[in-house]
Amino acid sequence: MRTRFAPSPTGFQHIGGFRTAFFAWALAKHFGGEFILRIEDTDQERKVEGAVSFILDELAWFGIEIDEGPGKEELEKLGERSAHLPKGGRHGPYIQSLRLPKYKAAAQKLIETGFAYRCDCTPEMLEKERAEQMARREVPGYSGYCRTREVPEDKPHVVRFKMPHKPKLSMQDAVKGLVSWDNPPLRDPVLLKSDGFPTYHLAVVVDDHEMEITHVMRGDEWLPSTPIHLLLYQAFGWEAPVFAHLPVILGEDGKKLSKRHGAPTSRELREKGFLPEAIFNFVMLIGWSPGGEQEVFTKDEIVRLFSLDRVNNASGVFLQSKLEWMNGKYIRDLTSEEFYKRVREFSPEIDSIKSKFLELSPHLQERAKTLLEIPSMIEFLTDKKISREWDKVIKKDVTKESAASLLNELKVLISELSGFEIEILDKSVREFAEKKGLKVGAVFPLLRIATLYTSATPPLFESLHVLGKDQVLRRIDEAVRELLL
RNA sequence: GUCCCCAUCGUCUAGCCCGGUCUAGGACACCUCCCUUUCACGGAGAAAACCAGGGUUCGAAUCCCUGUGGGGACGCCA
């Protein structure tokens with residue numbers, strides 16, 4: 001079992017692209033096979049610098065190990081660098097622009113065996129032909145003009161595949177089931193471009209064969225061109241791999257995931273504070289389900305359960321609110337130390353309040369859906385000057401003056417406390433309220449705003465305890481001053 | 001235009017292959033309630049779907065056909 005992820009470095013993969021990688025990886029690992037990374041950079045014009053590094057870095061972030069893929073030297077030739085280098089392997093190079101002679105030889109072989117021919121039609125001619133066909137409302141496509149012209153090798157040319165006349169084909173797709181074509185609308189496709197680069201069709205077939213890929217997993221937008229690939233395998237006399245055409249992921253508007261529709265890249269999700277484990281889990285469950293009612297799975301569980309026949313054939317929508325829920329679950333499962341480490345990636349400055357952070361951690365984890373929410377939740381632990389949400393407590397029946405005097409009493413109470421344990425704080429403030437004939441709801445919120453600044457915080461006494469007695473007293477003082485200003 | 005794919009709550013899905021156990025199950029989101037000092041967590045509950053029409057059958061979400069809707073492909077892009 002050998003699967004591969006074969007992205008083209010034409011931009012920054014959105015999350016749907018990575019899901020294809022996850023599926024291929026999970027299948028290979030399920031059967032103890034290899035997962036290969038191959039870079040399909042045959043379109044020089046659309047090539048984007050940094051795209052390969054991006055793929056490498058993101059795969060590493062998700063914890064997807066690559067068994068074979070472009071190593072250091074290959075990457076250097078491409079001018080890409082990454083801290084996460086694949087091992088290389090015995091089927092290299094794994095970057096298509098470094099494999100040009102192989103494609104050329106393959107195309108030559110096809111010409112010799114009569115399955116392909118050279119064509120010197122210019123783009124302008126093809127353009128014109130196309131326009132005419134469209135005007136006549138015909139299926140657009142190359143007429144086959146050069147099929148019998150014997151274009152000499154030294155003239156600029158492309159190599160085209162000779163599509164059989166009205167081929168009838170069928171294939172057992174691992175997810176779609178039996179797919180058959182009755183006269184597919186395909187004309188002689190180009191295999192080798194005039195710049196010597198192969199097109200996708202030639203390159204995938206040659207590489208998947210040479211790299212001994214057993215299962216080709218790709219988005220189902222490829223299904224319509226599978227006949228070309230099937231016919232190519234036949235022409236070469238090679239056995240075709242198993243194809244698995246995966247349903248696509250749609251955006252919340254029901255449109256195909258794309259930058260334009262706000263499709264997130266894994267990088268963006270990471271910047272929003274999502275955990276790679278949560279994203280992986282969530283995305284695996286779009287288009288695949290192990291059955292049953294469990295939804296949160298470790299990677300190992302997913303690998304153990306994964307199977308192609310449980311991949312859905314309908315496309316699915318990427319619903320961020322569900323990802324948020326799942327991310328929250330993963331955050332809650334983190335140990336305090338792990339949690340600290342993850343948050344630190346967003347705000348290194350928490351180093352200065354590490355012990356306080358750790359102490360409050362369970363309460364923080366319980367409240368967060370993403371890591372990005374944490375910094376604002378712990379602002380009260382820092383010395384940063386934050387304005388108090390007085391409007392939450394100062395209302396028509398509670399004047400600034402009465403609030404100030406209550407806070408002064410609280411300050412005396414707290415300063416005279418024999419300890420500063422959570423239980424002691426809790427007990428004495430409650431007793432204080434009772435003695436004054438006040439509900440806790442009239443005391444706690446006031447104390448909260450005075451010391452923690454905002455109305456939504458971790459539990460009050462836990463927070464005060466972490467803050468420390470001196471700091472609490474200082475803040476009450478400050479609050480009183482603010483009120484009487 | 002031609003070819004291909006798809007179709008269960010708003011969303012992710014279970015069930016479909018091997019018809020009855022489906023008055024269609026779970027989860028997210030929404031709403032209500034409980035817990036509660038806030039915000040959350042947690043718990044309980046409500047509401048919410050088999051695209052339509054024909055067959056086959058004693059019986060169809062499940063099998064067949066047609067229609068409709070959605071998506072994709074038809075490039076010297078992948």
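Throughout, a chain's letter reflects where its sequence line sits, starting with A, and its residues are numbered from 1. The figures here come from the full heavy-atom set of this structure, side chains too, leaving out hydrogens, waters and symmetry mates.
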Phosphate OP1/OP2 of [N] contacted by [X] side-chain N/O (<4.0 Å):
| X | N | answer |
| --- | --- | --- |
| A:Ser225 | B:C74 | no |
| A:Lys47 | B:A78 | no |
| A:Asn312 | B:A14 | yes |
| A:Lys193 | B:A78 | yes |
| A:Arg46 | B:A78 | no |
| A:Asn313 | B:C6 | yes |
| A:Arg430 | B:U37 | yes |

Practice item. Would you tell me whether A:Thr454 and A:Glu389 have side-chain atoms, one donor and one acceptor, within less than 3.5 Å of each other? Key: no
Check your understanding: Just by distance, with hydrogens left out, do A:Thr370 and A:Asn327 show a side-chain donor and acceptor under 3.5 Å apart?
Key ->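 No donor-acceptor contact under 3.5 Å links the two side chains.
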Exercise for review: Check salt bridge (charged side-chain N to carboxylate O under 4.0 Å, His left out) between A:Asp43 and all other residues, then give those that pass, not counting sequence neighbours.
Suggested key: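 Checked A:Asp43 against salt bridge (charged side-chain N to carboxylate O under 4.0 Å, His left out); matches are A:Arg46.
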Which base sits across from [N] as a Watson-Crick or G-U pair, both distances under 3.5 Å?
| N | value |
| --- | --- |
| B:G1 | B:C74 |
| B:A7 | B:U68 |
| B:A24 | none |

Point to revise | Syn/anti state for B:C9 [syn: chi within 90° of 0] | key: anti
Point to revise | Worked verdict on A:Phe318 versus A:Phe282 for ring pair (Phe, Tyr, Trp, His ring centres under 6.0 Å) | key: CA-CA 9 Å; A:Phe318 184 97; A:Phe282 173 71; 5.3 Å; yes
Using a heavy-atom cut-off of under 4.0 Å over every strand shown, decide if [X] touches base, sugar-phosphate, or nothing.
| X | value |
| --- | --- |
| A:Arg187 | nothing |
| A:Ser180 | sugar-phosphate |
| A:Thr457 | base |
| A:Gly441 | nothing |
| A:Leu460 | base |
| A:Glu293 | sugar-phosphate |
| A:Arg310 | sugar-phosphate |

Nearest-angstrom distance from the residue atom [atom1] of [X] to [atom2] of [N]:
| X | N | atom1 | atom2 | answer |
| --- | --- | --- | --- | --- |
| A:Asp41 | B:C76 | CG | C1' | 16 Å |
| A:His245 | B:A73 | NE2 | P | 12 Å |
| A:Lys395 | B:U38 | NZ | P | 13 Å |
| A:His201 | B:C76 | NE2 | C1' | 11 Å |

Check your understanding: Under 3.5 Å, is there an N or O donor on one side and an acceptor on the other linking the side chain of A:Ser194 and the base of B:C76?
Key -> yes
**Study point:** Pairwise side-chain contact, A:Asn313 with A:Pro247, heavy-atom cut-off 4.5 Å (strictly under)
**Key:** no
